[in-house]
Amino acid sequence: MIVAGDQQLLKQINRMALVRQLCSAPGMSRAALSETVGLTKSTVSLLVRELMDEGWLSESALRTTGALGRRATPLHLDDSRLALLGADLGIGAARLVATNLLGEVLAERALPYDDASDAAACIAQVAQALNALTGDAALAGRTMLGVGVGLHGAVDDATGMLHIAPHLGWRNIDVTGLLRAGLAGGALAALPLFIQNEANVAALAELEFSGQRGADPLIYVSIGYGVGAGIIVNGRLLTGLYGFAGEVGHTILQQGGPPCSCGRRGCADALIGLQALLDSVYGPEQPSTPAQLERLFSAAEAGDERALAAVEAAGRNLGVLLNNLWVAFDPMCIVLGGAALRLGERFIAPGRQVLLDCASATSLPAPALRTPQFGANTIAIGGAAMARHYLMRPFADHGIGAGAQQRMA
């Protein structure tokens, strides 16, 4: 027996199946959607009408097909009436964006924290700024759909708990609860809220908004002070049993190597991350400040021998990590992102060469290697992409894992 709730869920699944099909193949007609998705023409027409009324879809000029009867009307995602919000709770500052359904940025904000050590205060700042962002003139008349947030640490997306963000000094922070409290009473209070690790969020930006086709499986490797990865398999995020999949910074690349913050030795973090580079060039006793990081970038740019040697060594270790990810997941594409990309080809080229050498030894083609398209807003745009991703999959958990569940207001 089908109850009313089941019917509503089935209807929403069918609606979003049409939207997702038009994401991958814009310009399809109602008849083509009916044939592709497997719904009757009358059902498709009814659902399309609803989606157009709500701002999800629009239609363009009639297209002549050469067949008798009614001419086909191409359908597309509507980029003019809905909006998605994304936030990057970064190291020292947050970045916020509002995008349309196609991932085009409509409004953005950079938000330095008043006190980066006070997690609750920082999250309250972000909630206040998100509420304020909805008043931007560029969003006038648009309906907000959802909010996605990227965090620089280990996240349990089933509970919204940030277990640890080592470079912020945050531990066991109920990010979802604090954000909900900050958004209470405002325009965003009832919206779906999605929380994830920053590398996972950036991977979803590549999946949803890059326009790349045939890039699944996809791995996004984020290289900042530490190293993490977001992994897309069969159009979904691989999060693991407890949401911690992709913590590749703690895969061991060198037995007995340099100590890692996790207590082990030879981890990718300790060989590739910017913290490891700072320690190598300036010594671990030096403070890891934004100014010190700028000093490292400037030294590498100026050709400082010690800095260049450390960057090249980190690049070669990156190549070992890329090879390990390749043989573990056989991705079509690996995207390299994060602050370390400011080191440019001095860093990437050695890693690429190690990966190509490994591929040559096996006579197999290496996966495509590229950088993200969204610049400093990658994670914030990824937050918006995460909201779109899960809103279009009402039947799905947050990721491929047992613990993830969508949190609605």
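Quick caveat: nothing in here was measured; it's all calculated off a predicted structure.
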Minimum heavy-atom distance between [X] and [Y], given as atom pair plus value:
X	Y	answer
Ala387	Gly148	CB-N, 4.3 Å
Ile219	Pro331	CD1-CG, 3.9 Å
Leu101	Asp78	CD1-O, 3.6 Å
Pro367	Ile334	CG-CD1, 3.9 Å
Arg388	Leu102	NH1-CA, 4.5 Å
Ile381	Ala205	C-CB, 4.4 Å

- request: Please report the C-alpha distance between Asn377 and Glu108 in whole Å, then the side-chain angles of each, then the deciding distance to 0.1 Å, and finally whether the side-chain hydrogen bond (donor to acceptor under 3.5 Å, both in side chains) criterion is met.
  value: CA-CA 9 Å; Asn377 282 333; Glu108 59 185 291; 2.9 Å; yes
With a 4.5 Å cut-off on side-chain heavy atoms, are [Y] and [X] touching?
X	Y	answer
Thr99	Glu104	no
Asp174	Leu162	no
Thr176	Thr159	no
Leu33	Leu22	yes
Phe297	Leu274	yes
Val175	Leu179	yes
Arg346	Leu308	yes
Asn324	Val248	no

Reported [atom1]-to-[atom2] distance for the pair [X] and [Y], which is rounded to 0.5 angstrom:
X	Y	atom1	atom2	result
Leu237	Asn200	CG	CG	4.0 Å
Leu204	Ile379	CG	CD1	12.0 Å
Arg295	Asp304	CZ	CG	9.0 Å
Cys122	Leu111	SG	CG	8.5 Å
Arg142	Thr134	CZ	OG1	13.5 Å
Leu321	Cys267	CG	SG	11.0 Å

Would a distance-only check, ignoring hydrogens and angles, find a side-chain to backbone donor-acceptor pair under 3.5 Å from [X] to [Y]?
X	Y	answer
Gln373	Thr378	no
Ser34	Arg30	no
Ser298	Glu294	yes
Asp357	Ser360	no
Asp156	Met161	no
Arg306	Val281	yes
Asn323	Leu355	no
Arg316	Pro350	no
Tyr220	Pro372	no
Gln275	Ala270	no

field: Qualifying residues under side chain to side chain contact (heavy atoms under 4.5 Å, CB included), relative to Ile91, sequence neighbours excluded
entry: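 Result, side chain to side chain contact (heavy atoms under 4.5 Å, CB included) vs Ile91: His152, His167, Leu168.
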- prompt: Got a sec, which residues hit side chain to side chain contact (heavy atoms under 4.5 Å, CB included) with Ile164, two or more places apart in sequence or on another chain?
  reply: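 Ile164: side chain to side chain contact (heavy atoms under 4.5 Å, CB included) contacts with Ala154, Pro166, Arg171.
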In terms of heavy-atom contacts, does [atom1] of [X] have more than 12 from other residues, nucleotides or ligands at under 6.0 Å?
X	atom1	value
Gln128	CD	no
Gln254	CD	yes
Gln255	CD	no

Regarding [X] and [Y], does a basic nitrogen lie under 4.0 Å from an acidic carboxylate oxygen?
X	Y	value
Arg20	Glu208	no
Glu50	Arg15	yes
Arg81	Glu54	no
Arg95	Glu198	no
Arg49	Glu59	no
Glu345	Arg352	yes

message: Assess the residue pair Cys260 and Asp269 against the criterion (side-chain contact (heavy atoms from CB on, under 4.5 Å)); give the C-alpha distance rounded to whole Å, side-chain angles, the decisive distance to 0.1 Å, and a yes or no.
response: CA-CA 7 Å; Cys260 181; Asp269 266 18; 3.9 Å; yes
- request: Please lay out, stage by stage, how Trp326 and Thr362 fare under the test side-chain contact (heavy atoms from CB on, under 4.5 Å).
  value: CA-CA 12 Å; Trp326 171 36; Thr362 61; 3.8 Å; yes
- request: List the steps and the verdict of side-chain contact (heavy atoms from CB on, under 4.5 Å) for Met144 and Leu139.
  value: CA-CA 9 Å; Met144 304 297 132; Leu139 303 181; 4.0 Å; yes
- request: Decide yes or no on side-chain contact (heavy atoms from CB on, under 4.5 Å) for Gln292 and Thr289, but give the supporting numbers first.
  value: CA-CA 5 Å; Gln292 189 78 327; Thr289 62; 3.5 Å; yes
- request: Would you please classify the geometry between the Phe374 ring and the Phe209 ring as parallel, tilted or perpendicular, with 30° and 60° separating the classes?
  value: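 Phe209 and Phe374: perpendicular rings.
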